[in-house]
Each structure stands twice: as structure tokens, then as C-alpha cells.
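Bear in mind the structure is a predicted one, so any value in this text is a computation, not a measurement.
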Amino acid sequence: QMRDGAVLVGMLSPLSNLELIKALANRAVTAISLEFIPRITRAQAMDVLSSQANMAGYKAVILAADACPKMFPMMMTAAGTIAPSRVFVIGAGVAGLQAIATAKRLGAVVYASDVRRSAAEQIESVGGRFIEVEGMDDFEDESGYAKPLTPEFIQKVNDTVCEVASDADVVITTARIFGRPAPITVPASAVESFKNGAVVVDMNADVGGNCELTECGEVIEAHGVTVVGIPNLPGTLANTASMLYSNNMTTFVSTLVKDGELHLNLEDDILVGAPEGSDFHVAGMGGVLICSEGEIHPKQSRLAEVVG
């Protein structure tokens, strides 16, 4: 019911909402998807993915602590010494780093891994112990995100997960690939080797899940292991999530207003993506501007191929 020429700004998930993108383009609606905010300094205050992922990482640890039959911190009491819980975080993006930091603050011993070798320093900076997987240097794209994994590397990750997670009290999975189903990093066979009473919190239940046993929207038990598949973790912190999202939105929209009127600067890297040759240029992907004047923006060639 939107009129031609209207401007829609939001989290549109273009790569998984293809029919929506087609409809918007056909109606000559200008569609702006905030998931495509580039990782440049000027855009940090607009980055909705980071603000929401930060909360998701925090909430994942709170859910894990609640479901875990052990306390997280070490305690020395007259009744005996309590060993700290061991937490293993798979993936060290914004959500993973917040999960590591939160678990550490609660007193757990935290291990973490990521397919990007460059994440090691970040993991250690928030109190985690880095677990290296052979070959991880090859899986970082130009923009710093993890690339799709090969079957061979997935097997290496799974082997590492089985080894480290078999002694963990909590496993938190965060591996997410933009516009694709979540990769399986915790196969069912791995869960069978986990200790009785362990907890898996799958932060990607809404896109297929990292754990093969995850059921979206459910908390299940399998082989003595609790698997938490609660989707939309930021939504469980609605007050804070809404505040941060509105701040992101306000900061972004304010860049579109000039002399009291909406103005789209088609030379702005945030709108159309970094120019070719820039350190922030990603081939086939533009900025937040998805479509306008009845067509998908030329820099969104990856999306155009999928939409057809």
C-alpha cells in the first residue's frame, strides 16, 4: 500500500526477503536496508547489526547461566571449593566478543575460536583464551567478515569443537554468514560427546542454527545436554534494543536531511558503498540503498542476480 516515490528505511533482510525487494522495486519505492551499513568510522553510530548483536551476546550468556546446573565463578567456601565453569564461545564477532566478556565477568573460564585468525587479539583482550583452527587465515573477506566455509574446513572446526567442547559446561554458538543459512559448527555427533548437564545456546536458531539439534523457539534436551534455540535475543531486551535501534536510526536519517528536506546524496559511501579501490570496497555489494526509481541500485549486483 506504499505510494510510488515513498522512502522505506529499516532492517529489510534483502537477501532473504527477495519477494519484498521485487515488490518495492516495482512500486518505485526507495528502499534503504540498515543491515548494509558499511564498517567505516563515520557509520559506527548507525550500525544496527553491531548494536543488536552486542545485546544478543550478553543475553546468550544470561540464558546459559540460568540453564547451567553449575555456578559460573570459582568460590572457596567452608563447605569446599567450587571450580569455575568452562564456557566455549564459537565465533568472535560483536556478539561473540560480548558473550566472552560477559561470561568472564560472571567468573567463568572462557575459551573462544573464530575462523578469522585476526580475531585472536580481540578474544584475548576481553578475557578469552583463543583456540586456533588450522587454516583459519583463509576465511576473512575484504570487509572483515567471515567468508563461507569449505566442507573441509567445517570438518576441522567440528573436530576442534568436539575436543574443546567435550569438557565445557556451556557452548555458545555465534557463527553467522550474511545472507546465508547459519553453518553447522556443532553437529549432533559432537553433542553426544558433551558432558552430562552441558548447555548449548544457539544464537542463530532463526537462520537454521549452528547446532544440528537446535529447534527454533524451543529449549530441548538431547543426550543429557540442554540446547537453547531462542530466536531474536535482542527482542528479549526490548527496552534497551529499541533505545539503541532508535539512536542508530536517528543518526542515519539525520544524514539524509538537508535544509529540512530529505536529500539522498548518491556519492555518499554509506548510501552507495565505497568506491572501487577503497579498503572498504566489497565487489557486488553497495551501501544501504537497495533500490530506487523502479530498479535495484547498480552496485547491488549480488542482490540483483538473486532477485533475477
Side-chain angles (χ1 to χ4, degrees), residues 13 15-16 49 52-70 85-100 102-103 108 110-115 131 133 146 148-149 151 153-237 241:
S13 299
L15 294 172
S16 55
L49 291 182
Q52 302 301 301
N54 212 13
M55 288 181 294
Y58 162 81
K59 188 57 182 282
V61 175
I62 300 303
L63 290 174
D66 183 54
C68 184
K70 287 183 61 180
S85 292
R86 297 165 69 93
V87 174
F88 182 31
V89 179
I90 304 174
V94 174
L97 291 173
Q98 182 58 248
I100 295 165
T102 302
V110 188
Y111 299 86
S113 182
D114 193 280
V115 297
I131 304 297
V133 179
L149 310 182
F153 190 71
I154 289 174
Q155 186 58 53
K156 288 181 181 180
V157 172
N158 290 345
D159 292 343
T160 303
V161 166
C162 290
E163 181 180 351
V164 178
S166 62
D167 195 38
D169 299 294
V170 169
V171 177
I172 296 175
T173 69
T174 75
R176 195 177 186 107
I177 300 175
F178 189 62
R180 296 172 180 263
I184 297 294
T185 55
V186 182
S189 58
V191 177
E192 293 178 17
S193 70
F194 290 2
K195 63 169 65 173
N196 190 56
V199 176
V200 176
V201 178
D202 191 334
M203 294 182 59
N204 294 300
D206 60 318
V207 286
N210 298 128
C211 177
E212 197 171 9
L213 299 179
T214 297
E215 295 182 16
C216 185
E218 303 292 336
V219 178
I220 66 168
E221 186 171 321
H223 311 294
V225 175
T226 300
V227 181
V228 180
I230 305 300
N232 187 23
L233 293 182
T236 65
L237 300 166

Look at the side chain of Ser166 and the backbone N and O of Glu163, then say whether any donor-acceptor pair between them is shorter than 3.5 Å.
yes
Is a donor on one side and an acceptor on the other found under 3.5 Å between the side chain of Ser85 and the backbone of Ala108?
no
From Thr102 atom OG1 to Leu97 atom CG, the distance as rounded to the nearest 0.5 Å
10.5 Å
Might you point out which heavy atoms bring Ala60 and Ile172 nearest each other, and give the distance in Å?
CB-CG2, 4.1 Å
Can you find a pair of side-chain heavy atoms, one from Leu63 and one from Met203, that are under 4.5 Å apart?
no
Can you list every pair that meets side chain to side chain donor-acceptor pair (under 3.5 Å) and has a residue in residues 190-201, with sequence neighbours left out?
Asp169-Lys195
CD1 of Ile90 to OG1 of Thr174, rounded to nearest 0.5 Å, is 8.0 Å
Side chains of residues 217-237: which donor-acceptor pairs under 3.5 Å do they make with residues two or more places apart or in other chains?
from, atom 1, to, atom 2, distance (Å)
Asn232, OD1, Gly235, N, 3.3
Thr236, OG1, Lys59, NZ, 2.9
Thr236, OG1, Leu233, O, 2.6

Heavy-atom closest pair, residues Phe88 and Ala165:
CD2-CB, 3.9 Å
Closest approach of Val200 to Cys211 (non-hydrogen atoms, all atoms of both residues):
CG1-CB, 4.3 Å
If you count heavy atoms of other groups shown closer than 6.0 angstrom to OH of Tyr111, is the number above 12?
yes
Which pair of non-hydrogen atoms, one from Cys162 and one from Ala190, has the smallest distance, and what is that distance?
SG-CB, 3.3 Å
Check for a donor-acceptor pair, side chain of Asp114 on one end and backbone N or O of Ala92 on the other, with a separation under 3.5 Å.
yes
Indicate the atoms forming the closest heavy-atom contact of Ala188 with Leu213, along with that distance.
CB-CD2, 3.8 Å
On a heavy-atom basis, which atom in Asn210 and which in Pro183 lie closest, and how many Å separate them?
ND2-O, 2.9 Å
